[in-house]
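One structure below.
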Amino acid sequence: MNDKDLFYTNLPTSFRVIGIGEATKEIIETVKSYAYDCVSATVLTAPFECVPTDEDKMVIIVAKDNEDHANSIAKTFHDAGVLTIGLLDNADLDCYDSVVSETSYTEYPDLIKAILQPIVTQGMIAYDFNDLQTTLTDAKHFLIKSVTRCGKERVAEAIGCIKSSLTSSLLNKIERLSIFLYFNKVGKQPLVMQEMTALTDFLSELPESIYVIWAVYPDESISDEEIKVTILAAGKELENG
């Protein structure tokens with residue numbers, strides 16, 4: 001373990017990202033590059049021991065192999081009341097609040113960013129850890145979809161793309177839904193209220209059974225004229241969606 005890894009291991013934190021085994025090293029290095037406050041990212045190797053602390057609010061467990069070790073560590077956090085999220089195959093659902101579905105290993109860094117960004121950055125219409133906890137606690141399964149568009153109809157087009165991916169069968173399995181809209185506030189095409197009509201129309205069309213939270217965030221990593229719409233959907237039956 002080098003000095004940088006030791007720093008991240010000992011950093012007081014509320015949110016942890018833990019990679020199980022060397023196969024996750026590249027994913028964890030990418031998460032470190034986000035440099036989010038209150039987030040630590042570490043790779044665990046044998047003997048795969050990790051103990052929750054009083055400061056822990058959420059842990060994201062990432063594994064490409066070593067699933068049994070991942071499940072064991074997740075159970076320790078879950079039993080301690082920490083929001084426990086799994087990014088792995090062959091997860092024991094009893095050890096996690098929610099496990100990702102419909103994804104691949106190459107998407108894990110983007111998924112982790114999508115989970116963390118709303119709760120560690122400042123929004124115009126904000127979303128905090130309590131909102132994330134409401135969405136994912138005991139949800140069993142979750143999925144994340146993001147669409148980026150530009151131009152005069154960018155919000156409508158992005159939401160239209162999201163809508164087309166949410167088949168009626170999938171919508172019937174969603175119990176909780178978080179929606180995030182990101183824009184570049186110093187760009188040449190600032191977000192205007194008229195563009196939000198597409199979002200409010202989308203919300204009005206959703207089944208009343210779905211608990212919905214939405215938020216708006218500035219994001220300077222987005223090109224001047226772009227917006228990004230991300231959804232975080234959760235539900236016990238999503239794996240079969």
Side-chain angles (χ1 to χ4, degrees), residues 4 7-8 11-17 19 26-42 57-58 60 62 85 87 100 103-133 135-136 142-163 165 177-203 212-233:
K4 185 177 181 181
F7 169 76
Y8 274 99
L11 182 68
T13 182
S14 297
F15 313 124
R16 289 207 220 184
V17 183
E26 185 175 348
I27 295 169
I28 296 304
E29 288 300 319
T30 302
V31 174
K32 288 181 182 179
S33 74
Y34 301 151
Y36 287 144
D37 291 338
C38 302
V39 176
S40 72
T42 56
K57 293 183 177 180
M58 178 180 72
I60 301 173
V62 184
I85 300 168
L87 272 60
V100 72
T103 190
S104 65
Y105 299 132
T106 57
E107 297 175 286
Y108 283 179
D110 289 338
L111 296 180
I112 293 168
K113 184 175 183 179
I115 293 168
L116 292 172
Q117 187 174 1
I119 61 175
V120 298
T121 60
Q122 185 64 45
M124 310 284 287
I125 299 175
Y127 180 100
D128 61 21
F129 173 70
N130 289 331
D131 295 319
L132 181 67
Q133 194 170 36
T135 302
L136 292 179
F142 74 95
L143 60 83
I144 293 174
K145 296 179 183 291
S146 290
V147 176
T148 301
R149 291 290 184 270
C150 60
K152 292 182 179 179
E153 301 297 323
R154 55 189 180 167
V155 177
E157 289 177 4
I159 289 176
C161 189
I162 292 286
K163 284 172 62 176
S165 70
L177 181 65
S178 295
I179 305 170
F180 311 106
L181 194 154
Y182 296 96
F183 71 103
N184 189 329
K185 69 177 181 180
V186 296
K188 298 176 182 177
Q189 187 178 345
L191 186 70
V192 295
M193 285 303 299
Q194 292 92 317
E195 293 183 279
M196 299 300 291
T197 302
L199 175 60
T200 56
D201 288 347
F202 173 52
L203 296 176
V212 182
I213 311 173
W214 63 277
V216 178
Y217 284 82
D219 185 342
E220 292 183 8
S221 70
I222 295 175
S223 298
D224 283 356
E225 299 177 359
E226 288 182 334
I227 63 93
K228 180 173 72 174
V229 176
T230 298
I231 64 165
L232 168 60

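When reading the values below, keep in mind they use all heavy atoms of this one structure, side chains included, and skip hydrogens, waters and symmetry mates. Index from 1, following the sequence.
In terms of heavy atoms, Thr200 sits closest to Thr197 at OG1-O, 2.9 Å. Nearest heavy-atom pair across Leu232 and Leu136 is CD1-CD2, 4.2 Å. Nearest heavy atoms, Ala114 versus Thr230: CB-CG2, 4.3 Å. Residues Pro118 and Lys113 come closest through the heavy atom pair CD-O, 4.3 Å. In terms of heavy atoms, Ala158 sits closest to Val147 at CA-CG1, 3.8 Å. The minimum heavy-atom distance between Ala126 and Asp131, with the atom names listed, is O-OD2, 4.4 Å.
The neighbour count for Gln133 CD, taken as heavy atoms of other residues, nucleotides or ligands under 6.0 Å away, is above 12.
For the pair Ile112 and Thr30, the minimum side-chain heavy-atom distance is 4.5 Å or more. At least one side-chain heavy atom of Leu181 sits less than 4.5 Å from a side-chain heavy atom of Met196. Taking the side chain as every heavy atom from C-beta outward, Asp110 and Ile144 never approach each other to under 4.5 Å. Contact of the Phe183 side chain with the Ile222 side chain is not registered, since no non-hydrogen atoms from C-beta on lie closer than 4.5 Å. No side-chain heavy atom of Val31 sits less than 4.5 Å from a side-chain heavy atom of Tyr36. You'll find the side chain of Leu87 stays beyond 4.5 Å of the side chain of Glu107, heavy atoms only. Side-chain contact between Glu226 and Tyr182 is absent, with no heavy atoms from C-beta onward closer than 4.5 Å.
Here the side chain of Asp201 pairs no donor or acceptor atom with the backbone of Ala198 at under 3.5 angstrom. A donor-acceptor pair under 3.5 Å is formed between the side chain of Tyr217 and the backbone N or O of Tyr127. With hydrogens and angles ignored, the 3.5 Å screen pairs a side-chain donor or acceptor of Tyr34 with a backbone N or O of Pro109.
Glu225 CD to Cys150 SG: the interatomic distance, rounded to the nearest 0.5 Å, is 6.5 Å. Interatomic distance, Met58 CE to Cys38 SG, rounded to the nearest 0.5 Å: 11.0 Å. A distance of 4.5 Å separates CD1 in Ile115 from CD1 in Ile60, rounded to the nearest 0.5 Å. Considering CD1 of Ile85 and CG of Leu132, their distance stands at 5.5 Å, rounded to 0.5 Å. Remark: Ile179 CD1 to Ile213 CD1 distance equals 10.0 Å, nearest 0.5 Å. Taking CD1 from Ile28 and OH from Tyr108, the interatomic distance works out to 11.5 Å, rounded to the nearest 0.5 Å.
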Report the C-alpha separation of Val120 and Asp37 in whole Å, then their side-chain angles, then the decisive distance to 0.1 Å, and conclude whether the side chain to side chain contact (heavy atoms under 4.5 Å, CB included) test is met. CA-CA 7 Å; Val120 298; Asp37 291 338; 5.9 Å; no
Verify side chain to side chain contact (heavy atoms under 4.5 Å, CB included) between Val100 and Phe142, making sure each step is shown before the conclusion. CA-CA 5 Å; Val100 72; Phe142 74 95; 3.6 Å; yes
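Salt-bridge check for Arg154 with Glu195: passed, with a basic side-chain N closer than 4.0 Å to an acidic carboxylate O.
Phe202 meets the ring pair (Phe, Tyr, Trp, His ring centres under 6.0 Å) test with no other residue; sequence neighbours excluded.
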